[in-house]
Amino acid sequence: MSQLKDLLSNLSPAKLGEAIQKSQIYRSVFRVGVPVSDRKRMLVMLGNVFLHLHPVKVRKSGIRLRFTWCMGGITFFLFLVLTFTGLLLMFYYRPTIEYAYVDIIDLREQVPLGIMREIHRWGAHAMVISVWLHMFRVFMTGSYKPPREFNWGVGVILLVLTLLLSFTGYLLPWDQLAMWAITVGSNMARATPFAGYEGPGANLLTLGENIPLISSTSDARFALLGGTRVGEMALLRFYVLHCVGLPLVAGFLMAVHFWRIRRDGGISGPL
Amino acid sequence: METIKDIINTLTAPEILITLAAILLFVSARYRHLFYTNKVALILFPAMFVFMAISMFDEDFYLIVTKPDNVPIVGMLFLIPFFTWLSMREAVRNDKRTEEGAPLIEKEETADKVLTWPDLVYTELIAIVLLTVLLVGWSILIPAPLEESANPAATPNPSKAPWYFLGLQEMLVYFDPWLAGVVFPGLIIVGLMAIPYIDTNPKGNGYYTFKERSWEIMTFLFGFLILWVLLVILGTFLRGPNWNFFGPYEYWDTHKLEALVNVDLSDYFWVRLLGMGRPDNILVRESVGFLVVLGYFLVPPMLLAKTIFKRFYENLGPARYHIMVFLLLCMASLPIKMVLRWLFNLKYIIGIPEYFFNI
């Protein structure tokens with residue numbers, strides 16, 4: 001009887017936690033254990049691949065919410081949310097004219113608790129705003145000044161990539177909103193100087209005497225859409241760019257961006 | 001009530017709205033120690049909120065604001081002014097400290113180093129949790145928009161680009177696509193990336209300040225708030241069928257007519273000023289326009305270098321100086337073209353539709 005009592009008292013959550021923390025499995029995963037001492041708090045930052053994006057110690061002024069607005073971090077988190085929800089959406093979506101729209105309808109009506117498309121869309125809008133605000137903060141604190149000039153440039157490209165990611169994703173539902181927004185947007189390419197068939201200078205470029213080099217089937221817009229209008233090829237192109245091409249480039253540049261924050265002295269502050 | 005609505009409908013006309021916003025920006029910066037204070041924020045932001053809430057009772061306002069894809073822009077309507085206010089408040093506080101000889105707000109804590117775990121990691125964790133709650137709540141409440149299946153034969157009126165490009169689409173009112181859709185976006189990207197190399201002012205690095213870099217901040221705020229964010233808002237909420245202007249309480253009438261009375265510079269010069277027909281030769285016809293555009297890009301840099309930009313010219317050297325002035329002139333060309341349109345109905349300064357070369 002008393003043995004059973006002992007066993008039960010040993011099953012208290014605190015004791016159980018202790019036992020787990022002592023187990024070989026736990027210690028093989030979390031080498032440092034629970035960071036209860038300053039030494040362990042430092043070791044945990046060094047030992048974890050994700051946490052080591054950050055330095056072990058930071059300037060107190062730099063992590064004030066009032067100073068950074070947390071906008072860079074929020075942007076990165078939204079990128080991760082969009083990657084995850086986007087991956088789930090890819091299970092249900094086929095980028096062809098035949099299926100694209102009905103797949104979205106299915107997603108809305110058949111998938112239980114389906115808010116993945118909502119999270120993906122609203123998250124994308126939120127990311128555009130958070131990226132603008134991040135740039136705004138960096139400007140207002142003069143954080144682009146030496147030694148961070150290069151990282152500001154990388155940031156500008158990441159901002160453009162964010163807009164392009166959002167733009168390419170806009171077409172995928174293949175509804176009226178999508179098609180015409182992309183039509184309006186991509187029509188601009190047809191006015192590219194020397195490279196769009198309605199751009200200035202395009203009709204000066206000819207092959208031989210009078211065969212136009214730039215026509216509606218050989219200009220910048222055609223390259224973007226894979227056709228003379230927003231159709232099947234455009235859908236495929238935007239899908240590939242949206243799901244593979246642009247995220248790869250953005251991920252690559254984010255690595256550069258984060259690395260350079262560390263190399264250039266961490267979050268900016270007065271010298 | 002109707003009178004108030006009419007007044008607001010009138011005040012939000014592009015020419016008035018943009019002018020008022022620019023005036024507000026400069027006046028608030030001039031009297032920043034009065035404007036960017038907690039007191040003003042406590043009046044301003046609730047007032048904005050109440051204004052939005054009351055306006056929701058108007059059918060037309062409700063319709064345009066609650067379009068699913070317009071919801072983020074409504075959020076932006078509050079976020080951007082809030083963060084503008086916040087950064088300027090910090091700047092004003094820091095400037096006051098500098099004047100009094102006290103250390104900057106940030107400086108007081110720069111020497112203090114804290115452990116990333118827990119001080120930063122926990123902040124990030126809380127931010128992630130709150131953002132997740134917000135996103136899930138938003139997603140449950142408002143379904144993502146989905147219209148009818150794409151139909152190349154049925155053009156919606158108005159056809160709008162995604163909302164973050166509506167500033168560019170709004171520019172189409174004043175410039176042709178090759179400028180508004182290709183050259184200017186390219187220049188915005190190049191111009192932004194050039195900022196660290198043409199702003200050689202060593203002050204204000206890593207802390208909020210206005211006084212030490214007022215020129216840079218005002219240029220940026222004018223570009224970002226007026227020429228980008230305000231144009232996005234204008235394009236989203238106030239442009240209806242045929243890209244006509246509609247006040248926030250106005251019904252989007254497809255048949256609203258706006259007289260097209262815009263006139264080319266060549267018309268002004270040859271027909272109205274000299275009283276003769278426009279010459280047949282394109283180059284002669286547009287010679288005035290070419291002179292104006294060339295003059296615009298060649299004369300001010302030289303004049304400014306000797307007068308108000310003398311300091312820049314000496315600090316930056318000729319190459320950086322000329323790049324900076326060129327970028328500034330490109331940026332200024334948009335408000336200049338706007339004003340010319342509003343005052344003189346000027347359509348093109350150079351108009352050569354034969355070669356799609358219109359400025």
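Residue numbers begin at 1 in each chain, while the letters A, B, ... track the order of the sequences.
The shortest side-chain heavy-atom distance between L78(A) and L131(B) falls under the 4.5 Å cut-off. When side chains are defined from C-beta on, H125(A) does not count as touching I73(B), because their heavy atoms never get closer than 4.5 Å. Side-chain contact between M140(A) and M88(B) is present, with heavy atoms from C-beta onward closer than 4.5 Å. Inter-residue side-chain proximity for E108(B) and S61(A) is flagged as unmet; no heavy-atom pair is nearer than 4.5 Å. Two residues are said to be in side-chain contact when any heavy atoms from C-beta on lie closer than 4.5 Å; R89(B) and R66(A) meet this criterion. No side-chain heavy atom of D119(B) sits under 4.5 Å from any side-chain heavy atom of K60(A). For the pair L163(A) and F165(B), the minimum side-chain heavy-atom distance is below 4.5 Å. At least one side-chain heavy atom of Y170(A) sits less than 4.5 Å from a side-chain heavy atom of D69(B).
Judged by distance alone, with hydrogens and angles left aside, the side-chain atoms of Y164(B) form a donor-acceptor pair with the main-chain N or O of F167(A) at under 3.5 Å. Side-chain atoms of E118(A) never come within 3.5 Å of backbone atoms of P143(B) as a donor-acceptor pair (strictly under, hydrogens ignored). With hydrogens and angles disregarded, a donor-acceptor distance shorter than 3.5 Å links the side chain of K145(A) to the backbone of N201(B). The backbone N or O of L192(B) sits less than 3.5 Å from a side-chain atom of W152(A), completing a donor-acceptor pair. In terms of modelled atom types and a separation under 3.5 Å, the side chain of Q176(A) and the main chain of N151(B) share a donor-acceptor contact. The closest donor-acceptor contact from the side chain of W132(A) to the backbone of V229(B) lies at 3.5 Å or more, if one exists at all.
Neither the backbone nor the side chain of P185(B) has a heavy atom closer than 4.5 Å to any heavy atom of chain A.
Both the sub-6.0 Å distance and the 45° axial angle are satisfied by R213(B) relative to the ring of F139(A).
Interface with chain B: from residues 183-191 of chain A, residues V184(A), M188(A), A191(A) qualify, criterion being any non-hydrogen pair under 4.5 Å.
Proximity of the aromatic rings of F136(A) and F83(B) is defined here by a centroid distance below 6.0 angstrom, and this criterion is not met.
Using a 30° and 60° split on the angle between ring planes, Y208(B) and W69(A) fall in the parallel class, below 30°.
Of the N and O atoms on the side chains of H54(A) and W117(B), not one donor lies less than 3.5 Å from an acceptor on the other residue.
Nearest heavy-atom pair across L146(B) and P173(A) is CD1-CB, 4.0 Å.
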